Amino acid sequence: MIDLKLIRDEPERVRTSQRSRGEDPSIVDRVLAADERRRAAELAFGTLRNEQKELGKQIGPLQGQLKKASDDERASIQSQLDGLMTTATELSDRVKAAEDERAAADADAAALVALLSNVVETAAPIGGEDDFVVLEHVGTPRDFAAEGITVRDHVELGEMLGAIDIERGAKVSGSRFYYLTGVGALLELALVNHAIALACGNGFTPVIPPALVKPAAMEGTGFLGQAAENVYRLEQDDMYLVGTAEVPLAAYHSDEILDAESLPRRYVGYSPCFRREAGSHGKDTRGIFRVHWFDKVEMFSYCNPEDATNEHQRLLGWERQFLDSLEVPYRVIDVATGDLGSSAARKFDIEAWVPSQERYREVTSTSNCTEFQARRLRVRMRDADGVRPLATLNGTLVAITRTIVTLLENHQQADGSVRVPVALRPYLGGRETLDPIG
RNA sequence: GGAGGCGUCGCCUAGCCCGGUCUAUGGCGCCCGCCUGCUAAGCGGGUUUGGGUCACAAGCCCAUCGAGGGUUCAAAUCCCUCCGCCUCCGCCA
């Protein structure tokens, strides 16, 4: 949710942001009109309600007097009371009408504001999906031909190693499901432990959050807007399966006021992620690159809005550090305005090299949601200036399946074995290679 | 799943039966001031959040007693629904 004050004070800034996202700028003006109506309704209701309360203050004591009154006083008090009651009854109807109008105007304005996406950071590249800016390349893709190796993709490698069982995944759960088995399962645990250790070493609090949440959490994080079709919903229980730990981590402090002294608060969550992948039929159908369920270690930070841009760089830094440790070539991109989620003001993706596809593919993503998400979830901070929304940011440390893809493929050897990057060895019992099974 | 109890302004708590001086009591904590060699004690004042008006000041007004409805001139208080917590039983990892 955008700050109404910002919309009132700098409507053109919001319109510009909407345009750069390829979204409707006219919503701004509809919000302004609705807000005006809301304020008028608020004022009308407040005035009437005050009158009603003042009247009530006269009725109460008068009724008390009536009970104690002598016979000759009684008639005059009774007639006074009757007069007040007549006014009060009539006023009551007007109060109710004003209250209804206020509620309607409120709901209207709120619904319109909810349509506005976060205001983009001015430094973000403008354009659509393909207009990202490559910030940096790290590492160089191996020349497999020069090494005399015919590249195997992760499906083939996974099968040889007994690490990934896609056929049985499909048998049991359908397309885009898989089993991680043997060293595949161990690899997930190793990656998770490695990631959590890195995060804890940098002051993050490890969290294992619920993967099933109520509508308010999903709504508040902004996943029920354009992204709604990709969310699994449990109709019978009115619950949602989260697509990322960002959801329960962001909602963790909802309706709370945090002491500014305690910021930034950094959490690292490990959770399953469920995605319907509606609208991606035929895309990445082979292997485990795009699946309906995977596990992920996600960083989440609550911080002072003034510090958000720097915090974003820090999150990106930890993502890079993690990928560096996996010894995989990657590039960092600055995602264009049209490709940001509705909550994000700026987003950096890291794309790792996938040898079988001979291109870079997204493995992590970090977003600065500024105060947008916090305002929806009512997470605020208290400092010397009082109470105000804080900023929230999120970033992937490791999305298991995609990381396994890039790990197996980049470190494969001629015989189908896979070299284990040094940093991961302690988490795999010292193993230096993963070897094909019998 | 069944039975019962409970949800009050940071924490604890009064109020609810019998609706109206509730502008929600008191304690703790916290903040400001006074007093005091220092500290403690004591004294006085302040201390939910959101919105409106307005100069994004002060003041004033409205809403907020788990959430949402209802009854009423008037609801923390009466009625209904939902949510959460606790205790016991059943089931279960």
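Bear in mind the structure is a predicted one, so any value in this text is a computation, not a measurement.
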Residue [X], side-chain heavy atoms: nucleotide from [options] that is nearest:
| X | options | answer |
| --- | --- | --- |
| A/V387 | B/G52, B/C62, B/G50 | B/G50 |
| A/I59 | B/C62, B/C73, B/U49 | B/C73 |
| A/M85 | B/C73, B/A63, B/C83 | B/C73 |
| A/R380 | B/A74, B/U49, B/C83 | B/U49 |

[atom1] atoms of [N] and [M], separation to the nearest Å:
| N | M | atom1 | answer |
| --- | --- | --- | --- |
| B/U25 | B/C16 | P | 15 Å |
| B/U49 | B/C86 | P | 28 Å |
| B/U8 | B/A67 | C1' | 15 Å |
| B/C62 | B/U23 | P | 10 Å |

Closest-nucleotide mapping onto RNA chain B: is A/R8 or A/K57 further toward the 5' terminus? I mean the 5' end.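 Comparing both residues, the 5'-ward one is A/K57.
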
Point to revise | A/R388 vs A/G56, nearer the 5' end of RNA chain B by closest nucleotide | key: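 Final value for this comparison: A/G56.
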
| Can you list every pair that meets side chain to side chain donor-acceptor pair (under 3.5 Å) and has a residue in residues 167-183 of chain A, with sequence neighbours left out? |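 Side chain to side chain donor-acceptor pair (under 3.5 Å) check on residues 167-183 of chain A returns A/D165-A/R168.
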
Less than 4.0 angstrom between a side-chain N/O of [X] and OP1 or OP2 of [N], yes or no?
| X | N | value |
| --- | --- | --- |
| A/Q52 | B/C73 | no |
| A/R49 | B/A63 | yes |
| A/S92 | B/U72 | no |
| A/R382 | B/U49 | yes |
| A/R378 | B/U49 | no |

[X] and [Y]: side chain donor to acceptor below 3.5 Å:
| X | Y | answer |
| --- | --- | --- |
| A/S343 | A/N118 | no |
| A/R49 | A/Q52 | yes |
| A/K296 | A/T244 | yes |

Atom pairs, N/O to N/O, protein against nucleotides 53-61 of chain B, distance under 3.5 Å?
residue : atom : partner : partner atom : Å
B/C61   : O3'  : A/N50   : ND2          : 2.8

Under 3.5 Å, is there a donor-acceptor pair between the side chain of A/N193 and the main chain of A/L189?
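Yes, A/N193 side chain to A/L189 backbone: donor-acceptor pair under 3.5 Å.
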
### Query
Is there a donor-acceptor pair under 3.5 Å between the side chain of A/R402 and the backbone N or O of A/E362?
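Yes; at least one donor-acceptor contact below 3.5 Å.
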
Rounded to whole angstroms, how far apart are [atom1] on [X] and [atom2] on [N]?
| X | N | atom1 | atom2 | answer |
| --- | --- | --- | --- | --- |
| A/E99 | B/G52 | CD | P | 17 Å |
| A/R375 | B/U49 | CZ | P | 17 Å |
| A/D259 | B/C31 | CG | C1' | 14 Å |
| A/I257 | B/U64 | CD1 | P | 19 Å |
| A/R38 | B/C62 | CZ | P | 18 Å |
| A/L4 | B/G50 | CG | C1' | 13 Å |
| A/E42 | B/G50 | CD | C1' | 10 Å |
| A/L48 | B/A74 | CG | P | 13 Å |

Using the test ring-ring contact (aromatic ring centres under 6.0 Å, His included), find all partners of [X] that sit at least two apart in sequence or belong to another chain.
| X | answer |
| --- | --- |
| A/Y252 | A/Y267 |
| A/F322 | A/H194 |
| A/F177 | A/H292 |

Check whether more than 12 heavy atoms from other residues, nucleotides or ligands sit under 6.0 Å from atom CG of A/L234, and answer yes or no.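 Atom CG in A/L234 is packed in, count exceeds 12.
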
Flag the pair A/R382 and A/D259 as a salt bridge only when some basic side-chain nitrogen lies within less than 4.0 angstrom of an acidic carboxylate oxygen.
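A/D259 and A/R382: not salt-bridged.
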
Between the protein and nucleotides 90-93 of chain B, are there any N/O to N/O pairs under 3.5 Å, and if so, what are the atom names and distances?
none

| said: For a quick check of understanding: with a heavy-atom distance under 4.0 Å over all strands, which category does A/L91 fall into, base, sugar-phosphate or nothing? | reply: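 Nothing, no nucleic acid heavy atom in range.
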
